[in-house]
Amino acid sequence: MAENPNLETGEVNLFDPEIAACPQPVYRKMLAGCPVAKSAIDGAPIISRYEDVTWALRHPEIFSSAMDLQIALGTERPMIPQQIDPPAQTKYRKILDPRFSKKRMKELTPQIRAEANALIDRFIDAGECEFDEAFAIPLPCNAFLHLMGLPSEELDHFLRMKNGIIRPQTLTDDMNQVQAIRIETGKSIYAYFEDLIAERRSDPRDDLMTYLMQAELEGEKLSHNEILDICFLFLLGGLDTVTATLGCSIAYLAENPEQRRRLVENDTLLDGAVEELLRWETPVTGVPRLLKQDITLGGIDLKAGQLVTLSLGASNTDDEEFGNAADVDFARERNRHLAFGAGAHRCLGSHLARIELRVAIEEWHKRIPDYSVKPGETPTYSAGIREVQYLPLVWPAS
Ligand code: HEM
């Protein structure tokens, strides 16, 4: 394999599934040798230093998120609020933030705990499971569907829609088909939520869908299209990222038994472990931005109109911010990681995600403290948002 990153040309390939399985050494070479690298796929600049990435995230007037046309995700309009810049974006956050507050999300804990145990009941006696399918997908996805007011018996349908946009390559071997799948899937997502809005109009419920239809800011309700554009994003954000983070976290713990034992023996480390694994694994590896003005960063000239990637993954392994960044330390004192982004677009669902991750990791280890990757098997990761799509685990059967 060619040197990755290539320090002479600054080219880096982060889209190889083998790199996705273990990207941290590549990140650290980028930080040391080419803090503004160049994607080997499309030549787009990739910014990796913590200081630069934080600065970019906090300056949306220079690093814009309004780029729906440049990033083909099967949408007909920008997704709200992610592809809108402040100040318009701020209006949407004022409507959405209270529904995702820490206090509100904490109230979901007993329900998520019960669901985690019900799932574990199904496979614990077998002494093995494929973690993604058996636990990492259904636990957060069902919690999210419940919150939205969407039927959990249709989970497979929602996952197909989500995968058709985020991972169309999992649905076809023909790369020419990828964009066609995104466009078709996009249409089906709009159509699904069109029907649901009509349903809730005649039969309001105590759920997020109904809230979106009734919410008002400064006397104005959200328009029909605004609700659709929020729902489109929710489907992607709510059904992928926690699954991805949970899978990466458990894969790490399966492969690092000393760390796992430390956690099992001392549950005061739980919150620290969730944060540290978010930092080290950073499943949402990067976020795109559109440059609004010419700037020079790390000695590289970047031009207005260029699409750039802010590498959250690399910045989270930067020794300048984290000291000993390569040490995965569940008792780390200062952990201002960027796994949820920063600035105006910082993740709306972070409180929900943290509660799901904490409860999932806690309940799993109470009941299955001693586990490993099935001998002879290798977990497989997807690139982009890093999900361990195949994680076969074994433990002593009861
Ligand atoms: C561990 C799980 C999660 C991770 C790692 C994660 C990561 C992120 C990141 C990095 C951003 C910033 C995007 C940017 O700056 O362009 C973001 C934004 C967002 N996330 Fe999450 N996310 C997670 C869970 C969730 C969940 C469960 C939801 C469910 C509602 C959600 C909804 C959103 C929304 C709506 C935004 C856009 C916010 C805005 O643009 O104002 N996320 N997330």
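Order of listing sets the numbers, starting from 1, for every ligand and every atom in it.
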- Query: Atoms of ligand 1 less than 4.0 Å from Phe100 heavy atoms?
  - Reply: 30 (C)
- Query: Is there any N or O on Arg93 that sits under 3.5 Å from an N or O of ligand 1?
  - Reply: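 Arg93 vs ligand 1: N/O contact under 3.5 Å present.
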- Basic-acidic side-chain contact under 4.0 Å: Arg261, Glu265: no
- Query: For Glu275 and Asn335, does a side-chain donor sit closer than 3.5 Å to a side-chain acceptor?
  - Reply: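 Judged by distance alone, the side chains do not pair up.
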- Given that the side chain starts at C-beta and the backbone is N, CA, C, O, which of these parts of Ile84 lies under 4.0 Å from ligand 1, counting heavy atoms, or is it both or neither?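 It is neither; nothing of Ile84 touches ligand 1.
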- Query: Which residue from Arg346, Met79, Gln82 reaches closest to atom 37 (C) of ligand 1 through any of its heavy atoms?
  - Reply: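 Checking each option, the heavy atom nearest atom 37 (C) of ligand 1 is found in Gln82.
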- In ligand 1, which numbered atoms sit nearer than 4.0 Å to a non-hydrogen atom of Phe234? 35 (C)
- Indicate yes or no: does Arg167 engage Glu387 in a salt bridge with an N to O separation below 4.0 Å. yes
- Can you list the atoms of ligand 1 that are under 4.0 Å from a heavy atom of Ala339?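 So the atoms of ligand 1 that pass are 5 (C), 7 (C), 10 (C).
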- Query: Any idea which atoms of ligand 1 are less than 4.0 Å away from a heavy-atom of Thr245?
  - Reply: 1 (C), 2 (C)
- Message: Between Lys91 and Glu218, does any NZ, NE, NH1 or NH2 come within less than 4.0 Å of an OD or OE carboxylate oxygen?
- Response: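 Looking at Glu218 and Lys91, the cut-off is not met.
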- Examine Leu269 and Val359 and state if one hydrophobic cluster contains both, with Ile, Leu, Val, Met, Phe, Trp and Tyr joined whenever side-chain heavy atoms are less than 4.5 Å apart. yes
- Message: Quick check on His146: does its NE2 atom have over 12 non-hydrogen neighbours (other residues, nucleotides or ligands) under 6.0 Å away?
- Response: no
- Note on the structure: Only residue of Glu128, Arg260, His365 satisfying side-chain hydrogen bond (donor to acceptor under 3.5 Å, both in side chains) with Tyr371 is His365
- Query: With a cut-off of 4.0 Å, which atoms of ligand 1 are near a heavy atom of Leu312?
  - Reply: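 With Leu312 as reference, the close atoms of ligand 1 come out as 10 (C).
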- Let me know which of Phe193, Phe158, Tyr92, Phe100 forms a ring pair (Phe, Tyr, Trp, His ring centres under 6.0 Å) with Phe234.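 Only one of Phe193, Phe158, Tyr92, Phe100 forms a ring pair (Phe, Tyr, Trp, His ring centres under 6.0 Å) with Phe234, namely Phe100.
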- Message: Starting from atom 40 (O) of ligand 1, what is the nearest protein heavy atom, named by residue and atom, and what distance separates them?
- Response: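 Ranked first by proximity to atom 40 (O) of ligand 1 is His345 ND1, 2.6 Å.
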- Message: In this structure, does ligand 1 have an atom that sits under 4.0 Å from one of the heavy atoms of Tyr92?
- Response: no
- Query: Counting both backbone and side chain atoms, is some N or O of Ser65 under 3.5 Å from an N or O of ligand 1?
  - Reply: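 Not met; the criterion fails.
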- Query: Nearest protein heavy atom to atom 27 (C) of ligand 1, by residue and atom, and its distance?
  - Reply: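 Looking only at protein heavy atoms, the one closest to atom 27 (C) of ligand 1 is Val242 CG2, 3.8 Å.
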- Query: Phe232 ring centre to Arg77 NZ or CZ under 6.0 Å, with the angle to the axis within 45°?
  - Reply: no
- Does a side-chain N-to-carboxylate-O contact under 4.0 Å join Arg279 and Glu321?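 Here Arg279 does not pair with Glu321 in a salt bridge, since their nearest N and O are not under 4.0 Å apart.
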- Mark up the atoms of ligand 1 that fall under 4.0 Å of a heavy atom belonging to Phe144, in ascending order.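 Taking each heavy atom of Phe144 in turn, ligand 1 has 29 (C), 30 (C) under 4.0 Å.
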- Basic-acidic side-chain contact under 4.0 Å: Glu363, Lys366: yes
- Item | Rounded distance [0.5 Å steps], OG1 in Thr296 versus NZ in Lys303 |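 The NZ atom of Lys303 is 7.5 Å from OG1 of Thr296, to the nearest 0.5 Å.
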- Ion pair check, Asp121 and Arg367, cut-off under 4.0 Å: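 Result for this pair is yes, salt bridge flagged.
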- Note on the structure: Shell check on atom 21 (Fe) of ligand 1: protein N, O or S atoms less than 2.8 Å away are Cys347 SG
- Item | Region of Arg289 engaging ligand 1 - heavy atom pairs below 4.0 Å |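 The answer is the side chain of Arg289.
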